[in-house]
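So the structure is just underneath, and the comments pick up after that.
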There are 2 protein chains.
Amino acid sequence: MATGRTHRPATRSRGIPEATVARLPLYLRALTALSERSVPTVSSEELAAAAGVNSAKLRKDFSYLGSYGTRGVGYDVEYLVYQISRELGLTQDWPVVIVGIGNLGAALANYGGFASRGFRVAALIDADPAMAGKPVAGIPVQHTDDLEKIISDNGVHIGVIATPAGAAQQVSERLIAAGVTSILNFAPTVLSVPDGVDVRKVDLSIELQILAFHEQRKAGEEAAAVAAATGDVVAPPPLRGSAAASRKGPDGDVPAVMPA
Amino acid sequence: MATGRTHRPATRSRGIPEATVARLPLYLRALTALSERSVPTVSSEELAAAAGVNSAKLRKDFSYLGSYGTRGVGYDVEYLVYQISRELGLTQDWPVVIVGIGNLGAALANYGGFASRGFRVAALIDADPAMAGKPVAGIPVQHTDDLEKIISDNGVHIGVIATPAGAAQQVSERLIAAGVTSILNFAPTVLSVPDGVDVRKVDLSIELQILAFHEQRKAGEEAAAVAAATGDVVAPPPLRGSAAASRKGPDGDVPAVMPA
DNA sequence: ATGCCTTTGTGAACGCGTGCACAAAGATGG
DNA sequence: CCATCTTTGTGCACGCGTTCACAAAGGCAT
């Protein structure tokens with residue numbers, strides 16, 4: 001996952017657990033694909049496989065929404081698409097603004113996945129005067145000075161921040177002051193926002209770092225396995241804590257198992 | 001969170017809980033900022049605030065790595081930066097390839113957050129012959145035909161998929177066959193991969209959908225509050241389950257509380 | 001109508017993650 | 001050297017999320 005709830009520890013909103021809410025878009029995507037292939041019904045087992053989750057979990061998730069299945073048959077695809085869409089609030093139009101039209105902001109503006117889900121890019125905003133008026137994804141970029149007016153004129157409640165880290169906090173404050181109550185933050189910073197404002201963050205480098213951790217672990221295991229196979233003595237797991245003898249400076253101790 | 005573990009349900013790798021691993025990059029970022037300001041030590045309370053987490057949680061997270069703090073003082077910033085970097089495997093060089101150089105792929109190639117964390121973009125790969133040779137972020141794009149050779153020549157273990165959804169599964173299979181064991185997937189599809197391969201996914205539209213859910217809920221609550229204030233009768237929470245009387249078709253029932 | 005077969009919906013148990021609260025540890029000042 | 005004060009490290013309890021396993025429910029064939 002590239003994101004993590006920043007706020008709202010795990011409040012189950014209206015009885016639907018947060019974890020379930022996070023999976024609904026996944027189900028919706030799988031169901032939409034089935035719908036396009038004109039599949040009338042689907043069992044929890046099939047849909048779970050398509051969404052990459054456990055079937056029991058899927059059934060429990062749906063049970064929070066209501067009894068939308070038919071025993072012995074499964075779920076009506078079209079009906080479920082509608083119910084989930086409605087639950088997620090996708091049956092209405094959500095105007096969003098993207099602030100920070102650099103490489104990432106431009107990519108987001110061009111991203112097709114938004115429009116198809118009821119999200120409409122109402123405006124692109126950038127602090128660079130040179131960008132003003134220049135069309136990106138068919139939408140002219142507007143200057144930060146007009147941020148407040150753009151937000152209120154378009155009734156925007158959802159903002160996307162794709163600015164450099166240094167500008168993110170200030171941008172978020174202006175967005176919030178202008179009426180935005182949900183923020184998707186791509187800037188690598190922790191935003192501090194008042195209660196009632198939801199922030200979700202996507203940090204590309206964090207995801208890679210988590211992968212690197214597991215990758216390193218795999219390499220270590222592999223090395224250990226090879227060593228074991230060749231009869232070599234494997235270095236014991238590094239003694240942490242008291243063993244950090246020298247202390248101080250990036251050379252305190254050396255990884256016991258160094259991947260190739 | 002924009003991502004979610006696809007594989008490895010919650011295996012605590014080498015005793016470090018998955019949830020903790022996911023937070024380490026957050027701590028690292030905060031510590032790096034402190035380091036640049038030449039702050040020598042930091043308390044769990046301060047660092048927790050900077051990282052946006054609870055201080056008890058932070059201390060417990062660090063306790064999994066070892067006893068790196070000094071009671072009464074706090075943590076040595078430089079030392080902690082090194083320890084976390086080492087734990088995450090960032091002290092070594094990680095060559096990565098990006099497959100699919102569209103808007104998003106190009107943005108990723110230009111993203112500065114990778115290089116500063118030990119990730120080196122070893123190659124850009126795209127299926128469009130017209131892209132071949134064209135430099136993006138100073139790196140010439142190579143054709144998909146050479147994917148296998150590129151992976152093995154550069155010893156790449158981490159791949160980033162930024163292709164359209166339709167191509168993602170096949171690309172992942174080729175990456176894995178060529179030696180990749182960790183994939184960061186931006187394509188809106190569930191990848192099915194063999195055991196031992198880690199996949200993390202980032203889905204931009206999923207994040208927005210989760211925000212929309214909460215946004216809709218806020219709007220509903222607000223409407224209810226206004227109604228209560230003006231003495232209006234508020235519609236009861238929709239009876240789910242058996243109340244879905246009519247059934248069938250995208251008009252089964254209507255949201256009891258409709259946001260403006 | 002009746003019985004069989006499939007699939008849902010959920011009760012219950014379990015495990016992970018979180019947060020409190022405090023004892024142990026070390027620094028610091030006298 | 002001792003007392004005090006700060007901050008870590010962690011035992012414990014609680015709650016959410018996941019999974020199992022099964023009874024209830026509905027379709028379908030006979």
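Naming: A, B, ... by sequence-line order, numbering from 1 per chain. In this text the structure is predicted, and so the values were computed from the model without any measurement.
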Within the side chain of E45(A), is there an N or O that forms a donor-acceptor pair under 3.5 Å with the backbone of S55(A)?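 No, E45(A) side chain to S55(A) backbone: no donor-acceptor pair under 3.5 Å.
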
Hey, is the main chain of R86(A) close enough, under 3.5 Å, to the side chain of Q216(B) for a donor-acceptor pair?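 Yes: the side chain of Q216(B) pairs with the backbone of R86(A).
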
Quick one, give me the B/S/- string for nucleotides 4-12 of chain D, reading 5' to 3', where B means a protein heavy atom under 4.0 Å from the base and S means that only happens at the primed atoms, P, OP1 or OP2. --BBBBBBB

Within residues 54-65 of chain A or reaching into it, pairs that qualify as salt bridge (charged side-chain N to carboxylate O under 4.0 Å, His left out) - sequence neighbours excluded: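 Found R23(A)-D61(A).
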
Does the side chain of N54(B) get closer than 4.0 angstrom to OP1 or OP2 of dG17(C) through an N or O atom?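 Answer no for this pair, as no side-chain N or O of N54(B) is under 4.0 Å from OP1 or OP2.
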
Atom-pair distance ([atom1] on [X]; [atom2] on [N]), nearest Å:
X	N	atom1	atom2	result
L58(A)	dT19(D)	CG	P	12 Å
E18(A)	dT18(D)	CD	P	12 Å
K57(A)	dC16(D)	NZ	P	17 Å
R23(A)	dG17(D)	CZ	P	8 Å

If you look only at pairs with a residue in residues 15-49 of chain A, which of them pass as a ring pair (Phe, Tyr, Trp, His ring centres under 6.0 Å), with sequence neighbours excluded?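 For residues 15-49 of chain A, and leaving out neighbouring residues, the ring pair (Phe, Tyr, Trp, His ring centres under 6.0 Å) pairs sorted by first residue read Y27(A)-F62(A).
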
Ignoring hydrogens, what is the shortest heavy-atom contact between P25(B) and I210(A)? Give both atom names and the distance.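 For P25(B) and I210(A), the tightest heavy-atom pair comes out as CG-CG1, 4.4 Å.
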
Mind listing the closest non-hydrogen atom pair of F114(B) and L108(B) along with its distance?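 Scanning both residues completely, I find the closest heavy atoms to be CE1-O, 3.5 Å.
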
